[in-house]
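Inspection log for the structure reproduced underneath, given as structure tokens.
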Amino acid sequence: MEKMLLRSKFRGSLLGALIGDCCGAPFEGQVMDSGSKLLLRQNLDRLEGPFFKAPYKKYTDDTALTKCVSSTLLNPAGFSQKLLAKNFVVEYFKDPMRGYGAAVGNVFEKLRKTKVSDPVGPAAAQFGGSGSFGNGAAMRVAPIALYCANRDKQELLQMVRDSSLVTHSHPLGINGALLQALAITHSLRLNPKEKLDSIKFLATLKQDIIDVEKDNDPDLDANHNAYQIQLDAVGQLLDKKIEASDENVLNLLGHSVAALHSVPTAIFCFLKCTDGTADHRSFRDTLEYAISLGGDADTIASMACTISGAYLGAEAISENIVKHCEDADGIINQADQLLEVAHKV
């Protein structure tokens, strides 16, 4: 793939993460009735319209931790769990009011007290030793997918696991991050000038997650094939075996902070709204639809738009909406640096 196109895709993916986060945050936790959805549409129309000078839409912990992952990958010393944990701790205590959950805040507190002597220990001890199954590892995984764009799949999977374990040790939390990273990787490899085959895309992802989940013991783990089941539900909604009403989407896929009930939802949002070739509308539709489902709106929109941006590229994203998001220039700079590293492999 030409470097110019890859640059657009790298930028599109990280900008997608930022925009979904910034635009979804005001609607997080809301029940999205018809009035709320109209307000959302008007809000996005205004942001995409003629530029007006106003305060930036601030990003949340989603983007803050994504930036930490990028800076860790770009460190001359190379990626390590200890460096990642240290970067997380520094970022958290620099600005703890970014919407972090209490559980991950406790992890960062313990990491600071122990001077990151064991970068995965505090996360592994959470919830009676079962670890967190939230979507925090998945929401920040985009830089790893970009960094590993020209690397072996096993290297990608291992790096995602290593990154996840700093905050999430539950298999559902880790596998959600793996699924999100694989979705971004597949989008990077697609030609945005060709029509997206959503059924083929989903089938590839399903085979990937079967390979990931095959080592789970069905006698010991009730969730041994949980993501396969969720992707089957995505397929039923896409091929209209089940009506894709908001009620059905939320009942089947969910919109909570659990990775199992947000990562497949984000993938569905992308596939539902991207049935044509690259254009501005597909990215905007993905953004609006993901937020309109409510619940953990900023994270689901961030993950969905990360996949969309990786497919469509930065050109499909409104320049004006980018201008309204905090530190967009910094995000673009990180995307370009990740491209340079990936291009050398």
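If you run side-chain contact (heavy atoms from CB on, under 4.5 Å) between C148 and each of D152, I144, N150, only I144 comes through.
Taking 4.5 Å as the limit, some side-chain heavy atom of L40 sits within range of a side-chain heavy atom of M32. Taking 4.5 Å as the limit, every side-chain heavy atom of F10 sits out of range of all side-chain heavy atoms of Q334. Residues E247 and N251 meet the side-chain proximity criterion, which asks for heavy atoms closer than 4.5 Å. Under the 4.5 Å side-chain criterion, counting only non-hydrogen atoms from C-beta, L156 is in contact with L182. Counting heavy atoms from C-beta outward, F88 and L111 have side chains that stay 4.5 Å or more apart. Contact check for Y311 versus F270: side-chain heavy atoms found under the 4.5 Å cut-off. In this structure the side chain of E326 never reaches within 4.5 angstrom of the side chain of K57, judged on heavy atoms. Inter-residue side-chain proximity for I307 and I267 is flagged as met; some heavy-atom pair is nearer than 4.5 Å.
Counting only N and O atoms by type, the side chains of D21 and T63 include a donor and acceptor under 3.5 Å apart. Of the N and O atoms on the side chains of T60 and D62, at least one donor lies less than 3.5 Å from an acceptor on the other residue. Side-chain polar atoms of Q236 and D232 form no donor-acceptor pair below 3.5 angstrom. Side chains of K206 and Y227: no donor on one and acceptor on the other come within 3.5 Å. Between D208 and H186, the side chains place a donor N or O and an acceptor N or O closer than 3.5 Å (distance only, hydrogens not considered). Using modelled atom types, one finds a donor on one side chain and an acceptor on the other under 3.5 Å when comparing N248 with S245.
Remark: side-chain polar atoms of S262 are paired, donor with acceptor, to backbone N or O of A258 under 3.5 angstrom. A side-chain donor-acceptor contact under 3.5 Å links S13 to the backbone of T306. Between the K272 side chain and the Y289 main chain, no donor and acceptor come within less than 3.5 Å of each other. Between the side chain of K214 and the backbone N or O of I209, no donor-acceptor pair lies under 3.5 Å. Checked by atom type and distance alone, the side chain of S163 never pairs as donor or acceptor with a backbone atom of M159 at under 3.5 Å. Counting only distance, with no hydrogens or angles, the side chain of D197 and the backbone of K200 share a donor-acceptor pair below 3.5 Å. At distances below 3.5 Å, at least one donor-acceptor pair connects side-chain atoms of S8 with backbone N or O atoms of A314. At least one donor-acceptor pair under 3.5 Å links the side chain of S71 to the backbone N or O of C68. Checked by atom type and distance alone, the side chain of T265 pairs as donor or acceptor with a backbone atom of G254 at under 3.5 Å.
Using a cut-off of 4.0 Å between Lys/Arg side-chain N and Asp/Glu carboxylate O, D327 and K58 are scored as not salt-bridged. Checked for salt-bridge contact, K323 and E319 miss the test: no charged N lies under 4.0 Å from a carboxylate O. Using a cutoff of 4.0 Å between basic side-chain nitrogens and carboxylate oxygens, R284 and D45 are scored as salt-bridged.
The number of heavy-atom neighbours closer than 6.0 Å to CZ of F133, taken from other residues, nucleotides and ligands shown, is 12 or below.
Residues L84 and V341 share a single hydrophobic cluster, defined by chaining ILVMFWY side chains whose heavy atoms lie under 4.5 Å apart. Cluster annotation: L83 is not connected to F108 through the hydrophobic network of ILVMFWY side chains, with a link wherever side-chain heavy atoms come within less than 4.5 Å. The cluster map of Ile, Leu, Val, Met, Phe, Trp and Tyr, joined by side-chain heavy atoms under 4.5 Å apart, puts I199 and L205 in the same cluster.
Looking at every heavy atom in both residues, C325 comes nearest to I321 through SG-O, 3.4 Å. Annotation for C269 and A304: closest pair CB-CB, 4.0 Å, computed over non-hydrogen atoms. Considering all non-hydrogen atoms of both residues, Q230 and L260 come closest at NE2-O, 3.0 Å. Of all heavy-atom pairs between K67 and Y59, the closest is NZ-OH, 3.0 Å. Scanning both residues, V107 and A123, for their nearest heavy atoms gives CG2-CA, 4.1 Å. Across all non-hydrogen atoms, the minimal contact from P264 to L179 is CG-CD2, 4.4 Å.
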Could you walk me through whether H255 and I300 pass the side-chain contact (heavy atoms from CB on, under 4.5 Å) check?
CA-CA 7 Å; H255 63 170; I300 293 173; 3.8 Å; yes
If you apply the rule side chain to side chain donor-acceptor pair (under 3.5 Å), what do you find for Q158 with D162, and how did you get there?
CA-CA 6 Å; Q158 189 57 54; D162 289 344; 3.0 Å; yes
Check the pair T167 / S132 against side-chain contact (heavy atoms from CB on, under 4.5 Å), numbers first and verdict last.
CA-CA 8 Å; T167 53; S132 172; over 6 Å; no
Using the rule given for side-chain contact (heavy atoms from CB on, under 4.5 Å), can you reason through K37 versus D33, listing the C-alpha separation, both sets of side-chain angles and the distance that settles it, and then say yes or no?
CA-CA 6 Å; K37 291 178 182 179; D33 56 19; over 6 Å; no
Can you check side-chain contact (heavy atoms from CB on, under 4.5 Å) on V257 and T299, steps first, answer last?
CA-CA 8 Å; V257 297; T299 300; over 6 Å; no
Going through the checks in order, is the side chain to side chain donor-acceptor pair (under 3.5 Å) test met by D211 and Q207?
CA-CA 6 Å; D211 292 340; Q207 185 56 58; 3.2 Å; yes
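In this pair, F52 and H324 present their aromatic rings tilted. The plane angle is within the 30 to 60° band. Under the 30°/60° scheme for interplanar angles, the aromatic rings of Y100 and Y92 are found to stand perpendicular.
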